[in-house]
2 protein chains.
Amino acid sequence: MTREDSKPLDRNSRVEGSDEPNAHSGSGPFARVTSHDVARLAGVSQSAVSRAFSPGASVSPKTLEKVMQVADSLGYRPNVLARSLITGRSRIIGMVVAYLGNSFYSMALERISHVLQAKGYHVLVFMASNAAEELDRVVNALLDYQVDGIIAASVSMSNSLSDRCSAAGIPLVLFNRHQGKRGPTAITSDNYDGAKRIARFMAYSGCRRIAHIAGWSESSTGFDREAGFRDGLVEAGLELHDRIDGRWNRNIAAAAARSIFSAPAGRPDGVFVGNDHMAFAVMDVIRYELGLRVPEDVSVVGFDDAPQAGWKAYDLTTYRQPIDEMVDLTVNILLARIENSHSETTQFAIPGHLVVRRSAKIPGSGNHD
Amino acid sequence: MTREDSKPLDRNSRVEGSDEPNAHSGSGPFARVTSHDVARLAGVSQSAVSRAFSPGASVSPKTLEKVMQVADSLGYRPNVLARSLITGRSRIIGMVVAYLGNSFYSMALERISHVLQAKGYHVLVFMASNAAEELDRVVNALLDYQVDGIIAASVSMSNSLSDRCSAAGIPLVLFNRHQGKRGPTAITSDNYDGAKRIARFMAYSGCRRIAHIAGWSESSTGFDREAGFRDGLVEAGLELHDRIDGRWNRNIAAAAARSIFSAPAGRPDGVFVGNDHMAFAVMDVIRYELGLRVPEDVSVVGFDDAPQAGWKAYDLTTYRQPIDEMVDLTVNILLARIENSHSETTQFAIPGHLVVRRSAKIPGSGNHD
DNA sequence: GCGCGACAAGAAAACGATATCAAGACTCTT
DNA sequence: AAGAGTCTTGATATCGTTTTCTTGTCGCGC
């Protein structure tokens, strides 16, 4: 199975003469170099070495230089795990996430990781479905690793779980989910208001039979969007033509679309889908299975502004969740709570904005009834 | 900015009477419960507690039960960091990845994380561009955290960097990149052969002016695919009509498409794009900017079989990288190297297969010249 | 009843760092 | 030149485990 012939090795052709950096030293597998080793060679105490690596500690320039020089030559770097044992901070943030198939979450993870990295923290990833039992295991693992803080994205932690975190003194921030006013600190976009705006937008553009393929009403995000959307429709004098829960799942959403469009009540002229990820599937069904035109026959609107929404094949009108702001706020709050350990919890809903593209009829362009 | 009115709180309405689990105990922020605490309450030595939690250690059923009971009631769990200090294993795998915008990598991360989690390991994420200086910082951080192993996805580690890892005794596996026979262990799909098959496929389907929007020829993956593709064309008696490096970037690829299709040499009737991620951008340009039909006017073929390739709006013919096998092999090899610390390096190229969809003309369907 | 092996359990030494503290080496001031 | 203050420094305790070593206990065969 190993390929030998695939590639002319003109790059990376390693020079000879590297004298086996892998060679074991004695019996132990690999001699780790510790602060003691550095101390000995530099002729100072081990404490001095430690101080040399602690910014702001009291070391004379002379010993600092001596230590650094020896450290460099030996390749010494302080062991973060040993440090965290005594400082009580691991500089590890646990991030629990249900799945990365929805690009919104992979973007979020990417940015969260970047931002934290810039502040000297790193992200330990925990995949977890929303099954209670699995979440329980994950929270255990999270605590085992002594993470300094937890970001839970797209998972609904039961209150007993979030209580365990706060009992352990570990700040927890919910990303793109909330658990109500008494729940943990949570950052979302303004799902309610965003969906309400979408309702108004669709109504004013002339849609009259508007269906909703909902997110997942067990999740706050799905619930809020649906509530906002319903209220927006009512405000515009309309009511929901049809509604199926898509459970954030492409396949379920596609099936929902098929069902809604073949219902005896007549087909809708507009669909609001709970997130972009599902909306793409719905658009594909509408166009390529049902043979309808978007937006001429049906307006489709999503939520998130996932990267693909801007791709011309979809060109999806959607509500942009301000992901960068959401991430920055999440990280800032989390770090503030870690560093001050004050623990009031607050819920934030950051406003986003409607991104008008061409998957939905546009108000005022003369296509009202 | 905090919203108070967005959502009717009918769920999660927390009951009264929870007696402040957050309350501090004394002066210190939060009393961590240690094995000593458990030992004291269970009336055994601290060693006994440790043994109770070490599978296969010598403990009598009686003390085991006693310890476990106290541990449960106190919510004690061993501190992984302290353990790793003495065992020398952190059960942390560092994964360095350039970006998650390409779904192929977010899928890989998701699966890698899942598989490792099932084996009691966890993934610490490091984002790194391919800039040498940044990679250097990342490798430092990696070593600082005492990771047990490293998976580098989509980044080209210089040899000096991979040498540093092996000098530190940390197994490194390259995912979807390789550095040649003398380089570190690497798992890729059979990029060379896959691209060669694509060349044959396109040639036999009647394409005569075939262009290539390459991956990035500085990366092994891009290099191998281009080499295989060229060889395949030659075999079929054709040669490359045009070629631009897309650097794995959607925008650059889109620009490349515009350029190739307006070149004086005449427009191609087929384009092989170095990965799906860029191919989607290229298809959008071809269809929505140039007004050409796919596949009637131009065949488009990608590489990866990213999730979106199966979406009807693209329906992209592509070469499926067997991501699950790649991940499983990567993890198995990495863990084997961690547990046995034998360190021969090998390169694997796992065969994938062509996934024929409708973005490219199909051989034998009567549309030859 | 004695000795032997097997097993259980505690004491104490790691692991690799930081934190605390007291002593030593400076710089000033007077 | 002495005393007060500041800056550096090393010794030592500490973090929460696992590991090693030793001692103790028990059961068993002879």
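What you see is a predicted model, and the numbers here were worked out from it, not measured in a lab.
- Summary for the helix from C/dG1-D/dC30 to C/dT30-D/dA1: the axes at its two ends, each from 5 pairs, differ by 50° when rounded to the nearest 10 degrees.
- With distances taken from any side-chain atom of B/S47 to the nucleotides D/dG16, D/dT8, D/dT19, the minimum falls on D/dT19.
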Donor-acceptor pairs under 3.5 Å, side chain of residues 59-67 of chain A to any protein atom, not counting sequence neighbours: which ones?
residue: A/S60; atom: OG; partner: A/T63; partner atom: N; Å: 3.3
residue: A/S60; atom: OG; partner: A/T63; partner atom: OG1; Å: 3.1
residue: A/T63; atom: OG1; partner: A/S60; partner atom: O; Å: 3.1

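- Contact check on A/R137 versus A/D144 returns no salt bridge, with no Lys/Arg side-chain nitrogen under 4.0 Å from an Asp/Glu carboxylate oxygen.
- The side chain to side chain contact (heavy atoms under 4.5 Å, CB included) test with A/V327 singles out one residue from A/L329, A/D324, A/I323, and that residue is A/I323.
- Residue A/S60 places at least one side-chain N or O closer than 4.0 Å to OP1 or OP2 of D/dT9.
- Nucleotides of DNA chain C that come within less than 4.0 Å of any heavy atom of chain A span, from the 5' end to the 3' end, C/dG16 to C/dT20.
- In this model, the phosphate group of D/dT17 is not approached by any side-chain N or O of B/S50 to a distance below 4.0 Å at OP1 or OP2.
- Listed in residue order, the members of residues 67-86 of chain B having a heavy atom less than 4.0 Å from DNA chain C are B/L85, B/I86.
- Between A/T185 and the choices A/Q347, A/Q179, A/H178, A/R337, the side-chain hydrogen bond (donor to acceptor under 3.5 Å, both in side chains) rule is met once, by A/R337.
- Residue contacts shown for B/T34 are limited to sugar-phosphate atoms, with no base heavy atom under 4.0 Å away.
- Residue-level contact check: A/H36 touches neither bases nor backbone, having no heavy atom under 4.0 Å from any strand.
- Of the residues in residues 37-46 of chain B, B/V44, B/S45 come within less than 4.0 Å of DNA chain C through at least one heavy atom, sorted by number.
- Proximity of residues 138-150 of chain A to DNA chain C (heavy atom under 4.0 angstrom from any strand atom) is not detected for any residue.
- In this entry the distance linking CZ of A/R51 with P of D/dG10 reads 7 Å, nearest Å.
- Counting non-hydrogen atoms under 4.0 angstrom, B/V59 reaches the backbone sugars and phosphates but no base.
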